[in-house]
Amino acid sequence: QQQVKQSPQSLIVQKGGISIINCAYENTAFDYFPWYQQFPGKGPALLIAIRPDVSEKKEGRFTISFNKSAKQFSLHIMDSQPGDSATYFCAASRGNQAGTALIFGKGTTLSVSS
Amino acid sequence: DVKVTQSSRYLVKRTGEKVFLECVQDMDHENMFWYRQDPGLGLRLIYFSYDVKMKEKGDIPEGYSVSREKKERFSLILESASTNQTSMYLCASRLPGQGYEQYFGPGTRLTVT
């Protein structure tokens, strides 16, 4: 119930293409869904986040699509660039408690070929 | 500019040694976290602290302990290091509540031989 399942484990996309990473969760109490981006040698950094009261959020080339009934959410990277090559993690958390921690998926390694 | 720093980028220790990993944040955040990152396993929560001297076990606390004597500092302790604790360790901090970004440090690559 606490898991967040992420797929695919790795992804190769040509420059200019669309990258799509999917996540699924079981716990319906989750109400905050961020995506983190990690470059080699760096810690993860927040990329974009969504709450379940909206079905889509867009920031530049990055879009989160959220399907509450299916308990799934996905990250779409439009016009993928070599600089987008990184590891992406989806995550989820619930509630507004002082001690809430994020639960992460296992990550997707994205390679954008030029 | 927000900053989470970790005491070492790379660390090599011997089996059985006591190991201290230090994390400092300068954002006055109440919440601090320790994760370990392993290929194919993602980020797994070891411990977190929601306030000074407060701590909660995460998903994989066995073999670890933590200390938080001051708000800005959160230490991860390996009481007796073992080879299966060879990993990347990431510290993070954030303000409590939903929608607040969790800021990560650069990580410590620990090798136990």
Side-chain angles (χ1 to χ4, degrees), chain A residues 1-11 21-25 27 29-54 57 59 64 86-109, chain B residues 1-6 9-10 21 23 25 29-61 66 68 71 74 88-109:
Chain A
Q1 274 252 324
Q2 286 293 90
Q3 281 189 327
V4 177
K5 295 182 179 179
Q6 184 172 346
S7 63
Q9 187 172 355
S10 62
L11 184 61
I21 305 170
N22 301 299
C23 282
Y25 64 97
N27 191 340
F30 287 152
D31 60 3
Y32 174 65
F33 302 90
W35 284 89
Y36 278 75
Q37 180 188 53
Q38 184 181 30
F39 292 106
K42 304 282 188 181
L46 180 65
L47 183 63
I48 186 172
I50 197 168
R51 298 185 187 281
D53 53 345
V54 296
K57 183 174 181 180
E59 290 184 1
I64 299 179
T87 300
Y88 293 82
F89 295 96
C90 62
S93 68
R94 66 175 174 86
N96 196 25
Q97 300 159 0
T100 302
L102 287 174
I103 298 164
F104 286 87
K106 293 184 177 182
T108 296
T109 301
Chain B
D1 201 16
V2 298
K3 202 162 187 181
V4 178
T5 57
Q6 296 184 228
R9 293 301 303 271
Y10 300 94
L21 302 182
C23 175
Q25 51 97 1
H29 285 172
E30 281 86 353
N31 296 170
M32 295 189 74
F33 309 86
W34 276 106
Y35 293 87
R36 65 177 281 178
Q37 181 176 10
D38 301 287
L41 296 179
L43 280 73
R44 293 181 292 166
L45 182 66
I46 305 171
Y47 267 97
F48 66 99
S49 168
Y50 51 89
D51 207 341
V52 176
K53 296 190 185 292
M54 309 301 285
K55 61 185 180 184
E56 289 285 340
K57 292 180 180 179
D59 299 320
I60 51 166
V66 291
R68 192 162 180 209
K71 192 174 187 180
F74 191 34
M88 171 68 82
Y89 289 88
L90 289 162
C91 174
S93 74
R94 74 167 195 201
L95 289 169
Q98 284 303 348
Y100 287 103
E101 182 176 350
Q102 198 161 298
Y103 294 90
F104 283 86
T108 295
R109 171 78 60 186

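Here is how names work: the chains are called A, B, and so on, in the same order as the sequence lines, proteins then strands, and each is numbered from 1. The basis for the numbers below is simple: all heavy atoms, side chains too, and nothing from hydrogens, waters or symmetry mates.
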> Side chain, backbone, both or neither: which part of A:Pro44 has an atom under 4.5 Å from a heavy atom of chain B?
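Contact with chain B: backbone and side chain both.
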> Is any side-chain heavy atom of B:Gln37 less than 4.5 Å from a side-chain heavy atom of A:Phe104?
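No. Closest side-chain heavy atoms not under 4.5 Å.
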> Out of B:Tyr35, B:Phe48, B:Phe33, which residue meets the side-chain contact (heavy atoms from CB on, under 4.5 Å) rule with A:Leu102?
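Only one of B:Tyr35, B:Phe48, B:Phe33 forms a side-chain contact (heavy atoms from CB on, under 4.5 Å) with A:Leu102, namely B:Tyr35.
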> What part of B:Leu90 gets within 4.5 angstrom of chain A, counting heavy atoms only: side chain, backbone, both, or neither?
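Only the side chain of B:Leu90 comes within 4.5 Å of chain A.
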> Just wondering, do B:Arg94 and A:Leu46 contact through their side chains at under 4.5 Å, heavy atoms?
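No - every pair of side-chain heavy atoms lies 4.5 Å or more apart.
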> Is A:Gln38 in contact with chain B via its backbone, its side chain, both, or neither, using a 4.5 Å heavy-atom distance?
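The side chain, not the backbone.
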> With a 4.5 angstrom heavy-atom cut-off, could you sort out which part of B:Gln102 is near chain A: side chain, backbone, both or neither?
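Answer is both: backbone and side chain atoms of B:Gln102 are under 4.5 Å from chain A.
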> If a pair satisfies salt bridge (charged side-chain N to carboxylate O under 4.0 Å, His left out) and one of its residues is in residues 42-52 of chain B, list it, with sequence neighbours excluded.
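Output for this query lists B:Asp38-B:Arg44.
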